[in-house]
There are 2 protein chains.
Amino acid sequence: MSTPAIIPPPVLVLVRPQLGENIGKAARAMLNFGLVEMRLVSPRDGWPNPSAGPAASGADVVLEEAQVFETVSEAVADCAHVYATTVRKRGVTKPVVTPEGAARAIHAGPGRSAILFGPERSGLETDDIALARTIITVPINPEFGSLNLAQAVILIAYEWSKAERLASPPHVDLPPPALQEELDGMIAQLDAMLAETDFFFPPERTPVTRRTLRTLLTKPGWSAQEVRTVRGVLSALAGKQPRGR
Amino acid sequence: MSTPAIIPPPVLVLVRPQLGENIGKAARAMLNFGLVEMRLVSPRDGWPNPSAGPAASGADVVLEEAQVFETVSEAVADCAHVYATTVRKRGVTKPVVTPEGAARAIHAGPGRSAILFGPERSGLETDDIALARTIITVPINPEFGSLNLAQAVILIAYEWSKAERLASPPHVDLPPPALQEELDGMIAQLDAMLAETDFFFPPERTPVTRRTLRTLLTKPGWSAQEVRTVRGVLSALAGKQPRGR
């Protein structure tokens, strides 16, 4: 059971972007380094946005083919790896890599990767980051960290392009990685089971506990088969447990 | 005769920049990766420029300390290495490096480096590039090369910052490198000598011939002592040659 040898370029996901101009600049930055697949999650001013085209300086193909989603979860459902970009590490217990490290990992595959970029003003929220398996942090001047959206995009796209020239042929005999939607299904299954127990008590701790679990369950590396196995385990456990005990 | 072990960070030289806003964005990009020394050559709208500050997003220190020069030659006179950034290689017979290669070379020293960036619309002119010893070309999508000034600056600054973390301690026993003004003096001396001969004939070929010579004479690596030696050679030759023959 082998996976196709071709590793698609990553999808860049702009989460709740504010200004059309910045979406256009991000498209230009992407195309400069050969990336064409942009996804937008709930752009503030709707889509299409007339300010995006002029700022793209000719990268119209990226804007024309951009797909729009309502939630981050839907935007990354078909991806095998999800990276979240943050300038500073927050209290998140996920692996943190540099743009270079992420680029190498993306080229090593297997599967398609998504890279999340937050809104201009505030960056990604904790719930967005919780969806990712890995954090990308650009090592920046600790006394002046002020990367705008297009600058963050260009550094990631640049490193991806650099790594492409160095990439070794992908392994063709790895099992296919779990897609994000497969992981989400597994997590939802466990969550539903736990909701029937006292696991999430007290209620005010529930969001944190959910994130902790998600982090634990989405550490990089599970294959689709492994996710199916875990789901089998959960189903088996659920079957053993009396409903509505 | 040893050179100081400290290799200063590079100077970024904006040659005939057009918009104050872009100067501000370049300052922001520099400071994000710890570079603070900006020089401006004949900024189109004069200096200071009220549009620069807001675009710098807090990188005011870079703008406040920016120095202004009338010519590229003056702006780089105290530098030991001059790099010119171009998106595409032109018909120039100088070494071409990537941003990463330049960053490694700058950290290896010795001496201070200057990196030239051209005007937004047109990029560096051939005469600007002629002053440089090495070309930096960002490997970009051949079908869509559209880097703006701040993007070019941030990629260079980012690679410099990355290389800083990898840099080995500099060699302390190398002879001090020739400064750009020392090279310029040597070239001017030879040029004056040649002008008295038929070397620059026919006149319409003179600019090309001058550039060819400059390229030949500024290949990386001459020390200050070597330049003095060459000047001694030239002076000796000039002395032997009958004036105004």
Side-chain angles (χ1 to χ4, degrees), chain A residues 9 21-22 24-36 53-63 87-88 97-104 120-121 136-166, chain B residues 9 21-22 24-36 53-63 87-88 97-104 120-121 136-166:
Chain A
E21 186 188 350
N22 291 331
K25 287 178 178 174
R28 176 184 182 178
M30 286 172 61
L31 193 56
N32 266 321
F33 295 101
L35 293 176
V36 295
S57 299
D60 302 305
V61 61
V62 176
L63 299 176
V87 169
R88 292 181 218 290
V97 298
T98 61
E100 187 178 14
R104 279 198 299 259
E120 293 92 320
R121 187 172 296 272
I136 304 178
T137 293
V138 178
I140 207 165
N141 182 352
E143 289 161 23
F144 180 78
S146 171
L147 272 188
N148 69 27
L149 178 58
Q151 288 174 330
V153 166
I154 205 167
L155 293 176
I156 302 292
Y158 167 76
E159 286 286 10
W160 176 81
S161 168
K162 266 178 76 176
E164 186 177 35
R165 278 168 282 133
L166 305 170
Chain B
E21 186 187 350
N22 290 331
K25 287 178 178 173
R28 176 185 182 178
M30 287 173 61
L31 193 56
N32 267 322
F33 295 101
L35 294 177
V36 295
S57 299
D60 302 306
V61 61
V62 176
L63 298 177
V87 169
R88 291 182 218 291
V97 299
T98 61
E100 186 177 16
R104 277 198 300 259
E120 293 93 319
R121 186 171 297 272
I136 304 178
T137 293
V138 178
I140 206 165
N141 182 351
E143 288 160 24
F144 181 78
S146 171
L147 273 187
N148 68 27
L149 178 58
Q151 288 175 329
V153 166
I154 205 166
L155 293 176
I156 302 291
Y158 167 76
E159 286 286 9
W160 176 81
S161 168
K162 268 179 74 177
E164 186 177 34
R165 280 167 282 135
L166 304 171

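So that the names make sense, note that chain A is the first sequence line, chain B the second, and so on, each numbered from 1.
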Report which part of A:Ala157 has an atom under 4.5 Å of a heavy atom belonging to chain B: side chain, backbone, both, or neither. neither

Side chain to side chain donor-acceptor pair (under 3.5 Å) against A:Glu159, all qualifying residues, sequence neighbours excluded: B:Tyr158, B:Lys162

Would you say that A:Arg28 contacts B:Asn148 through its side chain, given a criterion of any heavy-atom pair below 4.5 Å between the two side chains? yes

Side chain to side chain donor-acceptor pair (under 3.5 Å) filter on B:Asn22, not counting sequence neighbours, yields B:Glu120

Please give me the minimum heavy-atom distance between B:Asn32 and A:Gln151, naming the atom from each residue. ND2-OE1, 4.0 Å

Distance (rounded to the nearest 0.5 Å) between A:Phe144 CZ and B:Asp60 CG: 8.0 Å

Working to the nearest 0.5 angstrom, can you tell me the gap between B:Asn141 CG and A:Leu31 CG? 5.0 Å

Counting heavy-atom pairs under 4.5 Å with chain B, the top scorer among A:Gly58, A:Pro139, A:Ala29 is A:Pro139

